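Every value quoted in this text rests on a predicted model; they were computed, and no experiment measured them.
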Amino acid sequence: MTTHQPTFRLAALGSALCGALLLTACGGGDDDPSFKTLDGKQPQVIAHRGYSGMYPEQTRMAYEKAADAGADMLELDMHMTRDCQLVARHNAWLSDSTNIADVAKTNSAVAARKRTTPGVLVDVKYPAIPANGPSKYLTDLVEPGNQKSVLKALIVDGEDHTNDWSISDFTMQEMRDWIAGTTLDNRADRPTEWNGKLPLISAQDVIDIAAAKGKSLGRTIPVYAETKNPYWNNQQAIANGCGSGNHPFEDAVMALLEKNKLNSKDSAIYIQSFDPESLKYLRKAGMKAKGVQLIDGNDFDLKDGSMVYITTDEWTFISGRPFSWTLAGDARTFAAMQTPAGLAEIKTYADGIGPWKPQILAHSVVPYKEGAGLKDVNTLKDTGLIANAHKAGLIVHSFTFRDEAGRLAGIYKGDPVQEFLAYYRLGIDGVFTDFTPTGVKARDAYIAELKNQ
């Protein structure tokens, strides 16, 4: 799940509400709660990289604590290691959510693997006009025609991470033995006592944790796994000799599903991706498990709440459109996925969408004042995305709900429960959150609210 919006974009991830005041409860009968979700059941609390608000993300402790706190599902991002294993990590580069920089000070093998080769600029294939974003993007194919040259630079879907370490340069065992997780988002506001003390784990480990915790807690806990940066992972994997063909990354996901007997419509797993080509390939390869198309964005305009996808920098390639569209010369943005036609297309290969919160509730400041920020948001409007997605037969799981005051729109007055309630009242099917207990607490409040109508 992305959390990479810079400057105001970072603050934007913690927002939303409907209208100029908190939404009134919707639906419900006289006695029993009546949820507006697609299946009529209560919305799901999805532990975003585990209980990442309190523990180093995507570590065993983060996932076990999330399950204990009542998470309905455990979310992870997947990348591929040098020895072709699926590891639970958010980013392909390692310095921002692990202690690798400290490890490199005393481990010469780690220090030597830092990637310092710069990327190469190439022309976009769609019309190079300002409305489409920058006319060039960075690639890690620094020697055209030499596939192995992608192992020199660290450019991930146009994003430059020169002078950092790549997941694809380490085996799974090396990462377990040498590197430990740290907090990533809002690191200045979150506990640090476990930073550098919890080893990295594999996607298989997360499945095993979910199964073990589900057994001990007496309930099924699905895993919610993302194919992260699929084009990059495939190119790295091919260069590392993983599998055969052009999709060793997705092939490994298929093998993971089959190994764990999770490749069925009703199995306890979701496979999510920001790139439709990854999900489409998985379907063609025989994936029967549930799939979710994630929908990103770069910012929003506080004057009217409209979304911003195109920027003048590399963020256009990162969060403005799927990277496979950039490669194919398709100048559309993620906005295309939110139209009726776009939702109908998604329904052909996925079971749901995972939009960014302000795509569901548009944020604005009324009347607008120059220099306004997230803390000034006083008006939020239902965009109709949940209703339109449900009409298309798609579930809606939105990201990312956080407790920190700096992540909340001003209309919530510093109370994260109110943000959850706004989306629950709209009929959202699930929420990705760094703080499982808050999501559960808010859902309990919502259920009580429905019963008291």
Give, for atom [atom1] of [X] and atom [atom2] of [Y], the distance between the pair rounded to the nearest 0.5 Å.
{"X": "S398", "Y": "I386", "atom1": "OG", "atom2": "CD1", "answer": "7.5 Å"}
{"X": "H397", "Y": "Y224", "atom1": "NE2", "atom2": "OH", "answer": "5.0 Å"}
{"X": "L257", "Y": "I269", "atom1": "CG", "atom2": "CD1", "answer": "5.0 Å"}
{"X": "L38", "Y": "K391", "atom1": "CG", "atom2": "NZ", "answer": "14.0 Å"}
{"X": "T37", "Y": "D39", "atom1": "OG1", "atom2": "CG", "answer": "4.5 Å"}
{"X": "D140", "Y": "I155", "atom1": "CG", "atom2": "CD1", "answer": "7.0 Å"}

Checklist entry - Do the two ring centres, one from Y137 and one from F317, sit under 6.0 Å apart? => result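 Between F317 and Y137, which both carry aromatic rings, the centre distance is below 6.0 Å.
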Next on the checklist: Is the distance between the ring centroids of F401 and F420 under 6.0 Å?
Outcome noted: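 Centroid distance F420-F401: below 6.0 Å, so yes.
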Item to check | Audit row: K213, D68, salt bridge (Lys or Arg N to Asp or Glu O under 4.0 Å) steps and yes/no | outcome: CA-CA 8 Å; K213 272 296 178 182; D68 290 340; 2.7 Å; yes
Checklist entry - Side chains of S52 and Q58: is there a donor and an acceptor less than 3.5 Å apart? => result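 Judged by distance alone, the side chains do not pair up.
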Item to check | Residue pair T311 / T316, side-chain donor-acceptor N/O under 3.5 Å | outcome: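 T316 and T311 do have a side-chain donor-acceptor pair below 3.5 Å.
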Identify, with sequence neighbours excluded, every residue that meets salt bridge (Lys or Arg N to Asp or Glu O under 4.0 Å) alongside [X].
{"X": "R187", "answer": "none"}
{"X": "D415", "answer": "none"}
{"X": "E64", "answer": "R60"}

Item to check | Result of checking N229, I318, V156, D275 against F323 for side-chain contact (heavy atoms from CB on, under 4.5 Å) | outcome: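 Answer after filtering N229, I318, V156, D275: D275.
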Next on the checklist: Under the side-chain contact (heavy atoms from CB on, under 4.5 Å) test against L282, which residue among N263, I271, D251 passes?
Outcome noted: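 Exactly one candidate clears the test, I271.
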Checklist entry - Which residue pairs satisfy the salt bridge (Lys or Arg N to Asp or Glu O under 4.0 Å) criterion with at least one member in residues 165-183, sequence neighbours excluded? => result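 Every salt bridge (Lys or Arg N to Asp or Glu O under 4.0 Å) pair that includes a residue of residues 165-183, provided the two are not neighbours, is R82-E174, R113-E174, R115-D169, R176-D205.
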Item to check | Check: E419 and L408 side chains under 4.5 Å, non-hydrogen atoms | outcome: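 Contact flag for L408/E419 side chains = yes.
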Checklist entry - Do K259 and Q204 have side chains that get closer than 4.5 Å, going by heavy atoms? => result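 K259 reaches Q204 side chain to side chain.
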Checklist entry - side chain to side chain donor-acceptor pair (under 3.5 Å) with D96: which residues, sequence neighbours excluded? => result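 Scan of D96 (side chain to side chain donor-acceptor pair (under 3.5 Å), adjacent residues dropped) gives N91, W93.
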Item to check | Residue of the set R49, K65, R190 for which salt bridge (charged side-chain N to carboxylate O under 4.0 Å, His left out) holds with D434 | outcome: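 So, applying the salt bridge (charged side-chain N to carboxylate O under 4.0 Å, His left out) to D434 and each of R49, K65, R190, only R190 qualifies.
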Item to check | Shortest non-hydrogen contact from P437 toward Y51 | outcome: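 P437 and Y51 have their closest heavy atoms at CG-OH, 3.4 Å.
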Item to check | side chain to side chain contact (heavy atoms under 4.5 Å, CB included) against I447, all qualifying residues, sequence neighbours excluded | outcome: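 Counting only residues at least two positions away or on another chain, I447 forms a side chain to side chain contact (heavy atoms under 4.5 Å, CB included) with P33, F35, Q42, R443, K451.
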